[in-house]
Amino acid sequence: MNSELERFVAACVARGEAEEEGNSEKATVQYKIIDSICSKLKEANRLEELQSLYDHEDLYVRLWAAGLTLELPNSRAEEVLIMLSSFRGLLGFSAEMTLSEWRKGNLKR
């Protein structure tokens with residue numbers, strides 16, 4: 001795994017932990033890292049690399065990877081989010097809301 005993907009994974013894991021703890025400050029810092037990496041990947045036409053994380057052991061990594069690649073053709077992003085939406089709690093709710101907003105056309109990047 002390249003260093004950008006490793007940083008992305010670490011930030012997703014840390015953001016998930018922060019959200020579960022209710023630590024919005026830490027979650028915001030991690031979001032900025034995730035967003036920065038995503039922007040760099042998109043500028044380099046490498047956003048599809050996030051698809052390799054759809055089966056990652058950490059569910060928050062899956063959530064972010066899928067949510068950020070919904071617009072890619074032939075991606076499994078929607079399928080991953082549907083699966084994650086079946087979980088209880090914040091993770092499932094986040095997946096469900098991401099799908100809902102995507103379907104409404106509100107998630108263009």
Side-chain angles (χ1 to χ4, degrees):
M1 188 180 311
N2 69 46
S3 63
E4 286 167 327
L5 286 185
E6 289 172 359
R7 286 182 47 234
F8 180 85
V9 167
C12 291
V13 170
R15 179 166 169 102
E17 291 170 356
E19 288 179 345
E20 294 289 339
E21 296 167 358
N23 186 336
S24 61
E25 209 171 293
K26 182 180 173 186
T28 299
V29 168
Q30 298 308 313
Y31 171 77
K32 289 178 181 178
I33 294 168
I34 293 166
D35 187 56
S36 172
I37 294 167
C38 183
S39 293
K40 287 177 187 174
L41 290 173
K42 189 164 186 163
E43 286 172 16
N45 290 317
R46 294 176 42 217
L47 194 60
E48 71 280 348
E49 290 178 23
L50 294 179
Q51 293 178 57
S52 68
L53 301 173
Y54 288 169
D55 298 312
H56 193 275
E57 63 189 27
D58 187 276
L59 299 178
Y60 282 98
V61 172
R62 292 183 198 185
L63 175 71
W64 279 95
L68 293 168
T69 58
L70 276 164
E71 66 190 60
L72 295 179
N74 304 314
S75 82
R76 291 181 23 236
E78 198 165 352
E79 173 188 322
V80 172
L81 290 170
I82 290 168
M83 184 276 297
L84 292 173
S85 70
S86 68
F87 284 83
R88 292 182 178 262
L90 186 57
L91 177 81
F93 178 75
S94 295
E96 191 175 318
M97 291 308 300
T98 301
L99 279 170
S100 175
E101 291 303 304
W102 167 252
R103 290 172 178 158
K104 290 177 189 174
N106 295 332
L107 294 184
K108 301 292 180 208
R109 194 154 165 75

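Just the heavy atoms: all of them, side chains too, but no hydrogens, waters or symmetry mates, feed the values below.
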Let's go through R88 and F93 carefully: what are the C-alpha distance in whole Å and the side-chain angles of both, what is the deciding distance for side chain to side chain contact (heavy atoms under 4.5 Å, CB included) to 0.1 Å, and is it a yes or a no? CA-CA 7 Å; R88 292 182 178 262; F93 178 75; over 6 Å; no

Are R7 and E4 ion-paired here, with the side-chain N under 4.0 Å from a carboxylate O? no

Is the closest side-chain heavy-atom distance between L53 and F8 below 4.5 Å? yes

Working note: L41 + L68, criterion side chain to side chain contact (heavy atoms under 4.5 Å, CB included); need CA distance, chi angles, decisive distance, verdict. CA-CA 11 Å; L41 290 173; L68 293 168; over 6 Å; no

Report yes if the side chains of T98 and L70 come closer than 4.5 Å at any heavy-atom pair, otherwise no. yes

Below 4.0 angstrom, N of the basic side chain to O of the carboxylate: do R103 and E78 qualify? yes

Above 12 or not: heavy atoms from other molecules or residues under 6.0 Å from CD of E21? yes

Is the side chain of T28 donor-acceptor paired with the backbone N or O of S24 at a distance under 3.5 Å, no angle test? yes

Are the side chain of S94 and the backbone of L90 linked by a donor-acceptor contact shorter than 3.5 Å? yes

Rounded to the nearest 0.5 Å, the CG atom of N106 sits from the OG atom of S100 at a distance of 8.0 Å

d(L5 CG, C12 SG) to nearest 0.5 Å is 10.0 Å

Min side-chain heavy-atom separation Y54-R76 under 4.5 Å: yes

If you measure only the distance, is there a donor-acceptor pair under 3.5 Å linking the side chains of N23 and E17? no

Any side-chain heavy atom of Y60 sitting closer than 4.5 Å to one from V13? no

Taking the side chain as every heavy atom from C-beta outward, state whether I37 and I34 have any pair of such atoms under 4.5 Å apart. no

Kindly determine whether K42 and E48 satisfy salt bridge (charged side-chain N to carboxylate O under 4.0 Å, His left out), including the steps that lead there. CA-CA 9 Å; K42 189 164 186 163; E48 71 280 348; over 6 Å; no

Which heavy atom of R62 sits nearest a heavy atom of H56, and at what distance? NE-O, 2.5 Å

Is any side-chain N of the basic residue among E49 and R46 closer than 4.0 Å to the acidic one's carboxylate O? yes

I need the E19 CD to L63 CG distance, nearest 0.5 Å. 8.0 Å

Do any N or O atoms from the side chain of R15 and from the backbone of A27 form a donor-acceptor pair under 3.5 angstrom? yes

Once you round to the nearest 0.5 Å, how far does CD1 of I33 lie from SG of C38? 14.0 Å

Is there a path of hydrophobic side-chain contacts, each under 4.5 Å between heavy atoms of I/L/V/M/F/W/Y residues, joining M97 to L84? no

With distance as the sole test, does S85 use its side chain to make a donor-acceptor pair with the main-chain N or O of I82 at under 3.5 Å? yes

In short, Q51 meets N74 closest at the heavy-atom pair OE1-O, 4.5 Å

